[in-house]
Amino acid sequence: MNAPCEFLNWDSAFFNYRVGRVTCDTLAEPAVEAILRWSADNRIDCLYFLARANDDETVRLAEANGFHLVDIRVTLTARASASASRSDHANGVTIRPHVHEDISVLRAIAATGYGDSRFYYDGHFPRERCNEMYAVWVEKACNDPEQRVLVATVEDRIAGFITCAMLSPDRGRIGLLGVAESFRGQRIGPCLIDSALDYFRSRNVEQVTVVTQGRNIAAQRSYQRAGFVTETIQLWYHKWFLP
Ligand SMILES: CC(C)(COP(=O)(O)OP(=O)(O)OC[C@H]1O[C@@H](n2cnc3c(N)ncnc32)[C@H](O)[C@@H]1OP(=O)(O)O)[C@@H](O)C(=O)NCCC(=O)NCCS
């Protein structure tokens, strides 16, 4: 029988907890038993579980077994080739590919932007580690030759960024989108999304995917105005085994 969970090396090393993840997206009584046994055998501190939102037995068993709901995962998609009505864009915003010298500012924007994510809402992970995780994420994207990071500037000051990756020759993914706090509310996020769609179109991408949080209304509205529609809704649970 396949293991019901997998050990997550990166998360464990980064957060200094033993972190695992349930590999299926529904629960039944026997699966729960196997998951709890695997977690004990592997001395797991925190177990992630990404559940289907439309299976009532899964939700009931997750709640009955101490899984805590930390996020609603919203996946949106857009057809890059469709001519979405473009948002009103901010005046004076320039979008360009990142250069190495941008990285420290992009790290700082990322470190303060994602308080809506499950890592902060979990409550166990130190906030400074969560901040650093997003800083590392944007830095990795900048250093990955397979990804494109677009930067928005206003009067030569970096206002935000968006990361774009190819999943396959005709599918792309937006990874992180972030606007510096002092520049929010000026439609710079929507402008970055449209530029990402232009980039994907130039690569002949058909479909673009992005994941955001159910509680992140600003992000959802920004994507919806650019032509994205909901693809799936899933539930993120975390279960802690610490005493
Ligand atoms: C999401 C984000 C990129 C939006 O960029 P922005 O340039 O500030 O966007 P704007 O505020 O000008 O407009 C975006 C839309 O969100 C709405 N919005 C902005 N803040 C909001 C809030 N706190 N609650 C609800 N809606 C909000 C705006 O009204 C606008 O919607 P509209 O077109 O229907 O009027 C920016 O808020 C941000 O960087 N947030 C932190 C990082 C993040 O959440 N990234 C996305 C996660 S994948």
Side-chain angles (χ1 to χ4, degrees), residues 50 70-78 80 84-96 98 102-122 125 127-128 130-142 147-155 157-165 167 172-200 207-236:
L50 183 60
V70 285
D71 190 14
I72 294 173
R73 183 182 199 259
V74 181
T75 304
L76 302 138
T77 56
S85 62
R86 296 176 72 90
S87 326
D88 303 337
H89 284 168
N91 285 331
V93 178
T94 303
I95 308 284
R96 57 162 174 78
H98 92 280
D102 298 334
I103 290 178
S104 60
V105 179
L106 301 187
R107 278 183 52 96
I109 295 173
T112 55
Y114 302 98
D116 274 343
S117 79
R118 66 190 167 102
F119 298 99
Y120 293 87
Y121 270 75
D122 174 289
F125 298 117
R127 282 190 80 80
E128 59 282 7
C130 300
N131 297 346
E132 177 62 14
M133 187 182 74
Y134 286 101
V136 167
W137 186 345
V138 74
E139 185 169 7
K140 275 188 179 171
C142 289
Q147 294 194 44
R148 171 64 63 101
V149 179
L150 300 173
V151 171
T153 61
V154 177
E155 293 172 353
R157 289 170 63 209
I158 295 177
F161 68 86
I162 193 163
T163 72
C164 308
L167 294 176
R173 182 180 57 207
I174 293 173
L176 275 187
L177 162 68
V179 172
E181 256 174 302
S182 56
F183 285 100
R184 291 202 194 139
Q186 301 176 37
R187 312 210 71 78
I188 293 171
C191 188
L192 281 159
I193 294 168
D194 282 338
S195 300
L197 288 173
D198 287 343
Y199 163 73
F200 284 121
Q207 194 188 55
V208 182
T209 301
V210 68
V211 171
T212 191
Q213 303 84 27
R215 56 177 76 89
N216 194 340
I217 304 302
Q220 287 174 51
R221 291 179 80 101
S222 301
Y223 288 117
Q224 287 158 354
R225 293 225 183 259
F228 283 79
V229 292
T230 305
E231 177 88 356
T232 50
I233 299 281
Q234 294 160 295
L235 307 175
W236 267 121

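Indexing begins at 1, ligand by ligand and atom by atom, following the structure's order. Values below: every heavy atom of this structure, side chains too, minus hydrogens, waters and symmetry copies.
- For the atom pair OG1 (T77) and CD1 (I174), the distance works out to 11.0 Å, reported to the nearest 0.5 Å.
- Screening residues 207-228 for ring pair (Phe, Tyr, Trp, His ring centres under 6.0 Å) gives Y223-F228 as the qualifying pairs, with residues at least two apart or on separate chains.
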| field | side chain to side chain contact (heavy atoms under 4.5 Å, CB included) between Y121 and R215, intermediate numbers included | value | CA-CA 11 Å; Y121 270 75; R215 56 177 76 89; 3.4 Å; yes
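- Within 4.0 Å of ligand 1, the residues that place a heavy atom are G113, Y114, L177, G178, V179, R184, G185, Q186, R187, I188, G189, P190, V211, T212, N216, I217, A218, A219, R221, S222, R225, listed by chain and number.
- Atoms CD1 and OG1, on I217 and T212 in that order, are 9.0 Å from each other to the nearest 0.5 Å.
- The environment of CZ in R96 is crowded: more than 12 heavy-atom neighbours from other residues, nucleotides or ligands sit within 6.0 Å.
- For the atom pair CD1 (I162) and CD1 (I193), the distance works out to 5.5 Å, reported to the nearest 0.5 Å.
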